[in-house]
Undergrad: 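Dropping the structure in here first, questions after.
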Amino acid sequence: MRTKILVISLAAIVGVALAAVTAATQQPEQPPVEISEVADGLYIVTGPGGNVGVRVTSEGVVVIDDKFEDNYDDIVASIASVTDQPIRYVFNTHHHGDHTGSNVQFAALAPILAHENVRTNILRNDQPGAPSIVYTDQTAVYLGDATVEALYMGRGHTDGDSVIYFPDLRVVHMGDLSFGGGTPYIDFGNGGSALELMRTYDNILELDFDTAIPGHGNVMTKADVAVFRDAFQDLLDTGRQLISDGVSEDDLAARLAQVYPELSYETGFPAQSIPGIYAELSE
C-alpha cells in the first residue's frame, strides 16, 4: 500500500522532468500566464516558472515569487485583471531564478523580502535582484485586513526556503518545498537536504491550514501534503536499506527503479540528486 502511495505521489515528477528535457532540446511554446482564485482575495498565477501567489487586500497587494524576468509584464497584467490595488510587498520563497527572475523589475515597485540565506545564495550565484529585507526565522506583513506570515521551517529544497502562511484563509504557499505531489529537486549545492525536508514537512503540517500552493503544479490539500511526506520517507528508507546492503552510488538510481518500476529514474528525480541523497543516507 505504501509503495502504491509513493508511486502515486511521485509519478507527477516524471512528467515535470520529461518536460524539462523537452524544453532544453526542443524549446516548445511556453504555457500562457494565467491567474485563478484559490481563496477569497488570494490568487495563483501559473504558467512558465514557479507559481506566483497574489494576496489582495484593501490597502494593496502582496506577491509571492515572480517567475522569470520575461514574465514580469504578464504577472503585473494578471494582477491588474483582479484588482486596481498597488503592489506593496514581494516575498521570495527561495533564490532560484524561476521564482526570483523578475525581482529587479518588482523592486522598483515594492520591497522584496526573503530569508537571509536567499540573499546569500543570490549573491553567491551572481543572480540579480537580491532581496532588500531579510529575516532569520519569521516575519509578517499586516496590510489592510490581511496578515501574511513568512516562516522559515527548516532546510529542504535549499537552505533558505520560506513557507508563506495566510492564517485567515488557512492557506500556505510552500514554494519548491512542494511540486504539487511530485518529488522536489533537492539543491544540495545551495544547502538543500532530503533528510531535513522530512523535518521541515513535519513543521509545516503543524500549521493550521487546509490548502497548499506548491512551487509548481496544482493546488493541494493538507492531506495531499501529508501523503507526500510519508511517501518520500518511504523512498528514503528504501534508499538507506539499499545502501546498507552494499548498493553503490552509481547503482542506487537503477535499484530504486527496480523497487518502483513505474518511475524512470534515468530522466527524473531522484537521479539528479542521488549523490547528495547517497551521502546523507550513508552517514
Side-chain angles (χ1 to χ4, degrees), residues 38-39 41-45 49-57 59-67 75 79 87-96 98-103 106-107 109-123 127 129-178 184 187 190-192 196-197 199-216 219-220 222 225:
V38 175
L42 178 63
Y43 300 83
I44 180 174
V45 180
N51 290 332
V52 176
V54 178
R55 180 65 167 103
V56 177
T57 81
E59 295 182 3
V61 176
V62 181
V63 177
I64 316 302
D65 287 343
D66 53 41
K67 296 185 178 290
I75 296 171
I79 295 171
I87 296 170
R88 297 296 192 190
Y89 300 95
V90 177
F91 282 94
N92 292 155
T93 60
H94 63 293
H95 73 281
H96 289 155
D98 58 332
H99 295 257
T100 64
S102 293
N103 272 10
F106 273 105
L109 303 178
I112 296 179
L113 300 84
H115 187 267
E116 61 181 356
N117 289 344
V118 173
R119 179 177 173 85
T120 298
N121 290 337
I122 284 179
L123 294 175
Q127 297 173 235
S132 57
I133 301 175
V134 299
Y135 47 88
T136 59
D137 182 25
Q138 62 183 344
T139 192
V141 166
Y142 301 92
L143 189 64
D145 53 353
T147 299
V148 180
E149 300 179 11
L151 308 172
Y152 180 71
M153 313 208 76
R155 295 164 60 207
H157 179 56
T158 70
D159 64 0
D161 303 293
S162 286
V163 173
I164 310 302
Y165 182 38
F166 308 95
D168 60 321
L169 302 178
R170 297 168 59 88
V171 178
V172 294
H173 190 312
M174 295 179 63
D176 278 1
L177 288 167
S178 173
D187 186 356
N190 286 287
E196 290 295 326
L197 179 62
R199 298 186 183 95
T200 298
Y201 261 74
D202 289 340
N203 292 333
I204 294 169
L205 287 167
E206 291 181 1
L207 295 174
D208 183 18
F209 71 96
D210 300 317
T211 305
I213 299 173
H216 299 266
V219 173
M220 307 167 67
K222 187 174 187 177
V225 176

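The basis for the numbers below is simple: all heavy atoms, side chains too, and nothing from hydrogens, waters or symmetry mates.
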Undergrad: Check whether any side-chain heavy atom of I213 lies under 4.5 Å from a side-chain heavy atom of L42, and answer yes or no.
TA: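 The answer is yes, as the side chains (C-beta and beyond) meet within the 4.5 Å cut-off.
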Undergrad: Under a 4.0 Å N-O cut-off, is there an ion pair linking K222 with D210?
TA: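 So K222 does not pair with D210 through a salt bridge.
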Undergrad: Measuring from atom CG of N103 to atom CG of N92, what distance do you get when rounded to the nearest 0.5 angstrom?
TA: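 Those atoms lie 4.0 Å apart.
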Undergrad: Indicate the ring-plane relationship of H94 and H99, choosing parallel, tilted or perpendicular according to the 30° and 60° boundaries.
TA: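 Tilted, since the angle between the ring planes falls between 30° and 60°.
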Undergrad: Side chains of V52 and Y43, heavy atoms from C-beta outward: is any pair under 4.5 Å?
TA: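 In short, these two side chains do not touch, never coming nearer than 4.5 Å.
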Undergrad: Write down the atom of P131, the atom of L113, and the distance for their closest heavy-atom approach.
TA: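 The answer is CB-C, 4.2 Å.
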Undergrad: Considering non-hydrogen atoms only, spot the tightest contact between V225 and M174 and give its length.
TA: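 Between these two residues, the closest heavy atoms are CG2-SD, 4.0 Å.
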Undergrad: How many angstroms lie between OG1 in T57 and OH in Y142, if you round to the nearest 0.5 Å?
TA: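 Atom-to-atom, T57:OG1 and Y142:OH are 14.0 Å apart.
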Undergrad: When you measure from the side chain of R119 to the backbone of A114, do you find a donor-acceptor pair of N or O atoms at a distance under 3.5 Å?
TA: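 Pair absent, no side-chain N/O of R119 close to backbone of A114.
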Undergrad: Is it true that a side-chain atom of D159 and a backbone atom of R155 form a donor plus acceptor pair closer than 3.5 Å?
TA: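 Checked: no pair found.
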Undergrad: Hey, does Q127 have a side-chain heavy atom less than 4.5 Å from the side chain of H95?
TA: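 They are in side-chain contact.
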Undergrad: To the closest 0.5 Å, what do you measure between OH (Y152) and NE2 (H115)?
TA: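 Reported to 0.5 Å precision, the distance equals 5.0 Å.
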Undergrad: Is a side-chain N or O of H96 found less than 3.5 angstrom from the main chain of D176, in a donor-acceptor match?
TA: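 Judged by distance alone, no pair lies under 3.5 Å.
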Undergrad: To check you understand the geometry: which heavy-atom pair defines the closest contact between Y165 and V171, and what is its length?
TA: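 The answer is CD1-O, 3.5 Å.
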Undergrad: Working to the nearest 0.5 angstrom, can you tell me the gap between N190 CG and D187 CG?
TA: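 It is 4.0 Å, given to the nearest 0.5 Å.
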Undergrad: Determine, step by step, whether I44 and V54 satisfy the side-chain contact (heavy atoms from CB on, under 4.5 Å) criterion, reporting the C-alpha distance in whole Å, the side-chain angles of both residues, the deciding distance to 0.1 Å, and the verdict.
TA: CA-CA 6 Å; I44 180 174; V54 178; over 6 Å; no
Undergrad: Please step through side-chain contact (heavy atoms from CB on, under 4.5 Å) for the pair L169 and R55, ending with a clear verdict.
TA: CA-CA 10 Å; L169 302 178; R55 180 65 167 103; 3.6 Å; yes
Undergrad: Roughly how far, to the nearest 0.5 Å, is the CZ atom of F106 from the CZ atom of F91?
TA: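 It comes to 14.0 Å.
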Undergrad: Any heavy-atom pair between the side chains of I64 and F166 that's under 4.5 Å?
TA: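 F166 reaches I64 side chain to side chain.
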Undergrad: Ion pair present between D98 and K67, side-chain N to carboxylate O less than 4.0 angstrom?
TA: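 Salt bridge: no.
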Undergrad: For P167 versus T147, what's the shortest heavy-atom pair and its separation?
TA: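 Heavy atoms only, the tightest pair is CD-O, 3.4 Å.
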Undergrad: Which value, rounded to the nearest 0.5 Å, describes the distance between S162 atom OG and E149 atom CD?
TA: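 S162 atom OG to E149 atom CD measures 12.0 Å (nearest 0.5 Å).
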Undergrad: Is there a side-chain contact between I164 and V148 in this structure, where contact means two heavy atoms from C-beta onward sitting under 4.5 Å apart?
TA: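 Sidechains of V148 and I164: in contact.
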Undergrad: T158 and D161: side-chain donor and acceptor closer than 3.5 Å?
TA: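 There is such a pair between these side chains.
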Undergrad: How about I133 and I112: do any of their side-chain heavy atoms sit closer than 4.5 Å?
TA: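 When only atoms from C-beta onward are counted, I112 and I133 do not touch, as no gap falls below 4.5 Å.
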Undergrad: So, does Y201 use its side chain to make a donor-acceptor pair with the main chain of L177 at under 3.5 Å?
TA: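 Pair found, side chain donor or acceptor close to backbone of L177.
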Undergrad: Provide the closest heavy-atom pair for N203 versus M153 in the form atom of the first, atom of the second, distance.
TA: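 For N203 and M153, the tightest heavy-atom pair comes out as ND2-O, 2.9 Å.
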Undergrad: How far apart are the closest heavy atoms of N51 and P214, and which atoms are they?
TA: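 In this case the closest contact between N51 and P214 is ND2-O, 2.9 Å.
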Undergrad: Using the side-chain contact (heavy atoms from CB on, under 4.5 Å) rule, take L207 and L151 through it: C-alpha gap first, then chi angles, then the decisive distance, then the call.
TA: CA-CA 11 Å; L207 295 174; L151 308 172; 3.9 Å; yes
Undergrad: Kindly indicate whether the side chain of D66, heavy atoms from C-beta on, has any atom under 4.5 Å from the side chain of V90.
TA: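 Answer yes - side chains close enough.
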Undergrad: Is the shortest side-chain heavy-atom distance between H157 and T200 below 4.5 Å?
TA: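 Side-chain contact under 4.5 Å: no.
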Undergrad: Less than 4.0 Å between a side-chain N and a carboxylate O, is that true for R199 and E196?
TA: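 Counted as a salt bridge, because a side-chain N and a carboxylate O are separated by less than 4.0 Å.
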